[in-house]
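Input: a single structure, listed below in structure tokens.
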Amino acid sequence: MRHLISALVTTVFSLAALPALAGGQTDAILDRHVLPKMQTLAETTAALDTAARADCTLEGVALRSAFGTAFDAWIAVSHLRFGPAETQARGFALAFWPDTRAMTPKTLRGLIAAADPVVDSPARFATVSVAGRGFYALDYLLYDPEISALGTAAYRCTLLRAITADIATTAAELSRDWSEHYAGLMRTPGPDGPYQSDEEVLQEFFKALTTGLEVNADLRLGRPMGQIGKPRPLRAEARRSGRSLRHVVISLKSLEELSDLLAGQDADLAARMSHGFDTALARAEQLEDPVFAGVATPQGRLRVEVLQQAITAIRTAANEDMGPALGVAAGFNALDGD
Amino acid sequence: MKSKLLCATLLVGCAGTAAYAVEKAEVINTYANIAQAAYGDSAATAHRLQRAVETLIAAPSAENLQAAKAAWRAARVPYQQTEAFRFGNPIVDEWEGKVNGWPLDEGLIDYVDAAYGGASDENPLAALNVVAQPKLSIAGREADASKITPALIETTLHEADGIEANVASGYHAIEFMLWGQDLNGTGPGAGMRPWTDYASGAACSNGNCDRRAQYLKAATDLLVSDLDWMAAQWAEGGAARANLMQNENAAVSAMLTGMGSLSYGELAGERMRLGLMLNDPEEEQDCFSDNTHNSHFYDGKGIQNVYLGQYVRMNGEQVSGPSLSDLVAETTPALDQEMQAKLTTTVDALGRIKIAAESGLAYDQMLARGNAAGEALIMGGVDALIDQTKTIERIVTSLELDQAGFEGSDSLDNPNAVFQ
């Protein structure tokens with residue numbers, strides 16, 4: 001990951017002298033983007049858990065459909081990795097990816113081989129490695145030919161239900177933390193809170209936008225693309241459930257919504273940003289390569305690279321156009337480093 | 001005086017900074033002096049390690065293996081303090097992987113326990129075992145490894161097949177050669193490689209002792225030459241120093257970028273919280289030697305060094321000078337106090353991990369599932385690092401390192417992020 005990430009290190013600098021846009025963005029972002037999407041995540045993960053309780057067959061149509069709907073809801077908020085998602089590592093508990101050392105299959109094999117009784121208690125299951133929890137563990141358990149056949153059906157069922165219950169609980173806590181606590185801290189910044197000014201709040205959302213774009217370009221697309229001559233199609237995100245490209249599309253749509261709300265009353269800025277998203281989404285729809293298997297050939301890789309370039313262009317526009325307009329800079333993010 | 005001289009020769013660069021009593025050029029000079037001293041100490045301690053390794057190979061014994069391990073531990077002290085220089089300086093970041101690459105699939109290098117497994121989806125060379133094989137096949141190509149040399153390690157083995165887990169050189173490869181795998185999981189104990197892995201004739205354990213010694217020697221020689229090279233880049237006239245002097249605002253930004261990126265994404269995230277969340281004893285940076293508590297502590301110390309403009313050398317001398325702290329205090333003393341307090345909090349929190357580790361609770365034991373006390377220790381460090389990053393961001397804003405400061409600078413990793 002080192003080379004990949006060294007290109008991602010986001011440099012900080014300030015534009016304190018520039019005025020922020022007219023206010024109101026924070027309320028709009030919270031009320032029209034963050035809170036409703038968190039609510040959807042809580043509801044769809046509860047439905048996923050209900051489906052697992054109703055039918056433990058890993059191939060079950062209702063279960064798989066509920067998994068897809070809940071995973072969609074997570075991807076739509078997967079750029080909001082600060083605050084409530086950082087608390088108790090909820091973001092990682094829901095979504096441990098990329099898994100550069102194949103820890104998810106290793107952890108699941110370990111639990112199943114030992115028939116580890118940790119699955120019997122929700123409180124104890126919450127102490128299990130994040131590699132064995134969350135949506136990406138389910139991607140293996142439901143769809144990987146090897147993992148989905150390991151051990152006994154009874155243990156797999158208990159494990160499945162432990163994971164779905166844990167996801168539902170974590171998502172409910174995440175949503176509640178946002179609505180009952182963290183949204184208030186962002187609406188009223190001050191010396192005792194995590195944000196001292198409206199600018200710092202806007203910077204947080206701006207960082208979520210730019211980091212989200214980075215994740216799409218450099219991880220969701222960049223990991224399977226690999227280097228020229230060394231494609232890594234097996235590294236595509238959630239390829240077992242065939243969701244790799246879908247995740248890019250869902251994430252871009254959600255990031256476009258955030259970008260639009262960040263632009264606030266500056267309609268020209270919103271339109272310029274929107275143009276970049278439209279280009280990227282159009283290219284994604286033309287790709288017709290759901291798990292980026294095409295990267296194995298030079299032509300296929302090029303098609304994915306064209307999408308990657310479109311996303312990188314949005315990131316450049318965010319940094320060069322939107323950042324100065326908001327009076328904020330990119331700051332540090334979790335992708336800095338190895 | 002020095003800055004006035006610089007102003008006389010570099011009129012353009014001085015115009016914007018004339019109002020400061022603390023000159024940015026002096027602050028940058030202190031920073032470069034600390035880098036020069038810390039990389040110099042890293043190279044000097046690596047030379048000591050090299051002598052200890054040569055002694056071990058010439059006269060294999062438990063004592064000489066122990067002496068080599070002690071030299072390795074000492075070498076980590078100055079090196080970890082240089083890590084705060086990595087992210088702001090591309091010349092360091094591009095070079096760093098061959099010196100401090102981690103985590104590694106050690107089966108590439110030497111024998112491993114059966115539980116390690118073999119080739120994986122992510123890395124077909126995970127269990128290559130160069131020590132046991134004079135002829136290698138890497139990504140469909142044959143490679144001659146009949147003699148293990150620094151060149152073989154550097155050009156053929158390191159990051160073989162473009163996979164970063166194939167770490168063949170640097171501190172952690174040498175650490176593996178000295179300690180071997182830590183097979184104790186999250187229980188007590190570090191790697192237990194027997195000294196007889198380097199013995200000759202019938203006393204040789206685990207086979208290929210001569211080739212294993214070649215590997216250890218070659219990897220250590222490579223580390224020494226890499227560190228000598230980096231130390232030279234920070235001397236007067238060196239490329240790293242010259243690059244910083246091109247543009248003052250970019251240089252100050254590089255200092256803060258190094259502090260923030262190491263604090264947040266790298267140390268708090270990748271090296272500390274991730275291991276905790278995975279309960280994985282291999283997710284500790286010095287996983288063979290159980291020296292992780294020191295690596296984290298000296299990372300934190302190095303970040304503080306950069307801000308305060310202070311560094312304690314291996315011979316006890318102190319390097320110091322006008323600092324970022326002075327620069328911030330001049331315009332926003334409250335922000336300087338906030339930064340100093342948070343850096344102290346972090347060093348204290350990392351110090352608590354070191355205290356527990358040196359009292360017998362190794363870092364990998366802290367990672368065990370359900371170890372609440374260990375988790376609290378590590379999260380104390382993580383939270384402090386995240387908190388200090390926020391203040392670093394405030395300083396970037398407060399110093400008004402405006403866009404003009406970045407034009408034409410090579411100091412940034414990502415040109416796309418620069419406001420033109």
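Remember, predicted model here, so these are calculated numbers, not experimental data. Proteins get letters first, then strands, A, B, ... in listed order; numbering begins at 1 in each.
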The interface call for B:D161 against chain A, heavy-atom contacts under 4.5 Å, is both
Between B:D364 and B:G185 the two heavy atoms that sit nearest each other are OD2-O, 3.6 Å
If one checks every heavy atom of B:E83 against chain A at 4.5 Å, the contacting part turns out to be neither
Pairs under 3.5 angstrom only: tabulate donor-acceptor contacts from the side chains of residues 122-132 of chain A to other protein residues two or more places apart or in another chain.
unit_1	atom_1	unit_2	atom_2	d
A:T127	OG1	A:R124	O	2.7
A:S129	OG	A:A131	N	3.1
A:S129	OG	B:L278	O	3.3

When the 4.5 angstrom heavy-atom criterion is applied to B:A139 and chain A, the contacting part is side chain
Taken in chain and number order and not counting sequence neighbours, the residues that satisfy salt bridge (Lys or Arg N to Asp or Glu O under 4.0 Å) with B:D336 are none
Looking only at B:D280, B:D387, B:I386, B:L262, most heavy-atom pairs under 4.5 Å shared with chain A are made by B:D280
Whether the side chain of A:D144 engages the backbone of A:I147 through a donor-acceptor N/O pair (distance < 3.5 Å, no angle test) should be reported. yes
B:M339 and B:Y307 have their tightest heavy-atom pair at CG-CZ, 3.5 Å
Okay, A:E200 and chain B: the region with an atom under 4.5 Å from a heavy atom over there is side chain
Cut-off 4.5 Å, heavy atoms of chain A, and the answer for B:I163 is both
The interface call for A:P105 against chain B, heavy-atom contacts under 4.5 Å, is neither
Any chance you could lay out the side-chain hydrogen bond (donor to acceptor under 3.5 Å, both in side chains) test for A:E237 and A:Y136, step after step, and finish with the verdict? CA-CA 9 Å; A:E237 182 195 22; A:Y136 297 87; 2.5 Å; yes
